[in-house]
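One-based numbering along the sequence shown. Just so you know, these numbers use all the heavy atoms, side chains as well, and skip hydrogens, waters and symmetry mates. None of these values were measured; they are calculated from a predicted model.
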Amino acid sequence: MDAYNPRTVEEVFRDFKGRRAGMIKALTTDVGEFFQQCDPEKENLCLYGFPSEQWEVNLPAEEVPPELPEPALGINFARDGMQERDWLSLVAVHSDAWLLSVAFYFGARFGFYKTDRERLFNMINDLPTIFEVVTGSAKKHTNEKLLVSNHSSKKSKSNSKVWKIFLGPYVLFPFEKKAVPSQDEVDDGIEEEDEDEHGEALCGACGENYADDELWICCDICEKWFHGKCVKITPARAEHIKQYKCPSCSGNKSARPS
């Protein structure tokens, strides 16, 4: 385990985000490697996330008490005894619990007051949980594939172009974002539409929000959305994709369509 000891709310939150990013990688983009390392024939194994956004499957520390709270023991034992998606979801739940315990361990150790603990929790709570990212429950996705063209952030939102990809056959076309209704229209009972239907989408790899100037693609198998950069998909490469499978589904034989 690393010996880094964050002492302020901001430092603890950065520590939390780094560890969270590493564990999300293990359970999404690096899931094939993670699956192989969790050999049921080995001893009690734990999934660790590090502030450097890296992850590791390893035995728990031997010292008592440990330097930091320990993750759930023996995650490898159930690997072959349940559906892979259920197993990953269960590991994700325990990973969320561990991240919170580490964050508030630092808060207790360095004497955070009530207001600091509340601020830390609110910062953490603004992010989707690992479970939400892994299961895709943070956002209900459609079957459409979305790419966003690079455009100047200085342009008027009402004139901004976005690009959608519909796969099989492949069609690429622009459309205007819908204008937000006036207050009078809202008062008259007209439902206000989201300016961008994917504005709250979350990347299945990094867990971060959708952004207007980033390439965005959805997996045909699990229907999770990903930043192109997180799954190494460029606009040029996307034009030749007939069916996209994310790294997790590509390495999961049971998720492949028959």
Side-chain angles (χ1 to χ4, degrees), residues 1-31 34 46-58 60-61 63 65-73 75 88-139 153 196 198-214 216 224-231 247-248:
M1 297 291 288
D2 49 272
Y4 171 61
N5 288 319
R7 294 173 179 269
T8 67
V9 171
E10 289 72 22
E11 288 177 345
V12 172
F13 183 60
R14 284 197 297 271
D15 179 272
F16 176 92
K17 286 186 67 177
R19 296 178 189 276
R20 171 180 172 275
M23 301 177 96
I24 288 176
K25 285 180 183 177
L27 298 173
T28 57
T29 55
D30 296 346
V31 69
F34 172 69
C46 302
L47 172 61
Y48 293 94
F50 298 106
S52 60
E53 300 189 2
Q54 301 301 312
W55 61 273
E56 177 183 74
V57 172
N58 209 338
E63 68 266 27
E67 176 65 19
L68 290 177
E70 290 292 344
L73 296 173
I75 59 171
L88 291 173
S89 298
L90 188 59
V91 174
V93 168
H94 285 291
S95 297
D96 283 318
W98 179 68
L99 287 177
L100 283 174
S101 68
V102 170
F104 281 87
Y105 163 83
F106 286 130
R109 180 173 180 179
F110 297 113
F112 285 9
Y113 291 110
K114 177 181 178 180
T115 54
D116 288 333
R117 295 194 303 270
E118 182 177 6
R119 186 156 64 95
L120 175 60
F121 176 78
N122 288 335
M123 293 168 73
I124 290 173
N125 202 39
D126 283 339
L127 296 173
T129 63
I130 296 178
F131 175 81
E132 290 174 329
V133 173
V134 170
T135 61
S137 59
K139 176 68 179 181
S153 59
D196 184 349
H198 298 279
E200 297 180 356
L202 300 169
C203 177
C206 69
E208 299 298 328
N209 291 328
Y210 161 87
D212 280 357
D213 58 351
E214 294 179 312
W216 199 243
K224 293 180 184 177
W225 289 88
F226 298 87
H227 292 117
K229 64 182 181 181
C230 290
V231 289
S248 177

Fill in: For C230 against T29, the heavy-atom pair lying closest together
O-CG2, 4.2 Å

Worksheet entry | Spatial distance of atom OH (Y105) from atom CD (E67) [nearest 0.5 Å] | 4.5 Å

Discussion item. Would you compute the distance between atom CG of L47 and atom NE2 of H94 and round it to the nearest 0.5 angstrom?
Written reply: 12.0 Å

Discussion item. Tell me whether E11 contacts the main-chain N or O of R7 through its side chain, where contact means a donor paired with an acceptor under 3.5 Å.
Written reply: yes

Discussion item. Contact between V31 and P247 at the side-chain level, heavy atoms closer than 4.5 Å - yes or no?
Written reply: no

Worksheet item: Nearest 0.5 Å, what's the OH-CH2 distance between Y48 and W98?
Response: 7.5 Å

Discussion item. Ignoring hydrogens, what is the shortest heavy-atom contact between V133 and C203? Give both atom names and the distance.
Written reply: CG1-O, 3.9 Å

Fill in: Test side chain to side chain contact (heavy atoms under 4.5 Å, CB included) applied to F104 and V12, step by step
CA-CA 9 Å; F104 281 87; V12 172; over 6 Å; no

Worksheet item: Out of V102, L100, L99, which one pairs with P69 under the side-chain contact (heavy atoms from CB on, under 4.5 Å) rule?
Response: V102

Worksheet item: If you look at every heavy atom in F112 and V9, which pair is closest and at what distance?
Response: CZ-N, 3.7 Å

Worksheet entry | K25 NZ: over 12 foreign heavy atoms closer than 6.0 Å | yes

Discussion item. Measuring only between side-chain heavy atoms, which start at C-beta, is M123 closer than 4.5 Å to K17?
Written reply: no

Practice prompt. Over all heavy atoms of both residues, which pair between S89 and T135 is shortest? Give the atoms and the distance, please.
Written response: OG-CG2, 3.3 Å

Fill in: Backbone of P128 reached by a side-chain donor or acceptor of R20 within 3.5 Å
yes

Worksheet item: Hey, what do you get for CZ (F34) to CG (L88), rounding to the nearest 0.5 Å?
Response: 6.5 Å

Worksheet item: In Å and rounded to the nearest 0.5 Å, what is the CG to CZ distance from L90 to F131?
Response: 9.5 Å

Fill in: Shortest non-hydrogen separation from D30 to W55 and the atoms involved
OD2-NE1, 2.9 Å

Item to complete: Check whether any side-chain heavy atom of F16 lies under 4.5 Å from a side-chain heavy atom of L127, and answer yes or no.
Response: yes

Worksheet item: Taking C-beta and beyond as the side chain, do F110 and T8 meet within less than 4.5 Å on heavy atoms?
Response: no

Item to complete: Would you check if the side chain of D96 reaches a backbone N or O of I130 as a donor-acceptor pair within less than 3.5 Å?
Response: yes

Discussion item. For F121, I'd like to know if atom CZ has over 12 heavy atoms of other residues, nucleotides or ligands within 6.0 Å.
Written reply: no

Practice prompt. Drop me the distance from C46's SG to E70's CD, to the nearest 0.5 angstrom.
Written response: 6.0 Å

